[in-house]
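Take a look at the structure below.
The chain is numbered in sequence order, starting from 1. Remember, it's a predicted structure, so these values are computed and weren't measured experimentally. Side chains included, hydrogens not; waters and symmetry mates left out as well; all remaining heavy atoms used. For ligands, and for the atoms within them, numbers begin at 1 and follow the listed sequence.
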Amino acid sequence: MSNQLVIENVNKQFGAVQVVKHVNLSIPEGKLVCFLGPSGCGKTTLLRMIAGLETPTSGRLTMAGKDLTNVPACERDFGMVFQSLALFPHMSVAGNIAYPLRLRKVDKQSQAKRVDELLQLIQLPHMANRPVAQLSGGQRQRVAIARALASAPKLLLLDEPLSALDAKLREAMQVEIRLLQQRLGITTIMVTHDQREAMTMADVIVVMEQGWIAQIGSPLEVYRDPVNEFVADFIGLGNILPAVPNGDRRVRLAGGQQIDISGSRKISDGQEIRLLIRPEDVCLKISEAAGHKDLQSSIRNDNNNCVSGQVSFIRDVGSSLEATIDCSGFSLTVATSPREVPGLAIGSQVLATLPPHACKLIDASPGRLAA
Ligand code: ATP
């Protein structure tokens, strides 16, 4: 029978405050699912309810059809890695990994065999006897994961496991954990507030906002097709521009520019919308027109989805650059490179093309997945 974890209409209240609201979710087997959202949106509380460290105020959790809601944490067969790692500092690497097996009274020989396997898996076989206090941050991280995997859990739960590491090591560990998870095929849920981390590691991202699930999708889906402004803004850099519908597939931007969009979207009367375009989708070129004023008038009449503007800031990160373009009524962020737009500098007059297929209409109000 499938070991799918199903969360049904789960709510959690602390006193008068409801911090998890009507969560419905199925965790696909063998996949890595990230709970992603800003601080305080309820992702850790949801993970702790899955772990059995908190009890839902209402709703239920099942696995393989069995009700887990009131099953104590120690009987759930889940492995967990906390932000703090919670390793025993003076115990050896092997001692830490064996700890859950000792608790379960696994015989000594089986313990030693399993610890050896796990030390190979995390590539630290030569460090079995070293106290964990003498390990680097990344090595400690691997030991914590090995300990969580020791009793072959059905589910691996990771609560911001990389947040204490510096940026470079963190990125290396993201890849390492992802490869390990795929190799073992272990269903994993990870909490993070870092969208890049979620995009790098997850099969499925669950975006949370104030206790609600705002969107569930693959990294590409949530990036390319966010359901609302909150998700669009949280997942990566985006230009989110106030827009007014003007006909079936056309909107008017704040400076009066008319922009065609290719996808149709039903908009109700009075609904506030935004136009989303990602910085890498904007095509930039330096304008050859003489004066800014002339440009403005020529562009307003242009049907090629072009807007004119002036570069007000450039963030140069070597291989690529990010330019801020002040247009009439709004600013645009554009990702480009010196090779694509040679000579681009602060003060350059530019034309920015917003290709219709890359222009998405999104809801300005928060959207919630229905209970
Ligand atoms: P972070 O990324 O900062 O850890 P989070 O999204 O994981 O945030 P939670 O830790 O789940 O958020 O907390 C959600 C809300 O519930 C917060 O407002 C928090 O203060 C509150 N909260 C969490 N645990 C408790 C508790 N035991 N008692 C009272 N309030 C709590």
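Pairs passing the ring-ring contact (aromatic ring centres under 6.0 Å, His included) check and including a residue from residues 57-92, sequence neighbours excluded, read F88-Y99.
Grouping Ile, Leu, Val, Met, Phe, Trp and Tyr residues whose side-chain heavy atoms lie under 4.5 Å apart, directly or via other members, places L179 in a hydrophobic cluster with V175.
Minimum interatomic distance between V23 and G211 (heavy atoms only, all atoms of both residues): CG2-O, 4.1 Å.
Within 4.0 Å of ligand 1, protein heavy atoms belong to F14, V19, P38, S39, G40, C41, G42, K43, T44, T45, E160, listed by chain and number.
R274 places no side-chain N or O within 3.5 Å of a backbone atom of I362 that could act as its donor or acceptor partner.
Applying the salt bridge (Lys or Arg N to Asp or Glu O under 4.0 Å) criterion to K31, with sequence neighbours excluded, gives no partner residue.
The environment of CZ in R196 is sparse: at most 12 heavy-atom neighbours from other residues, nucleotides or ligands sit within 6.0 Å.
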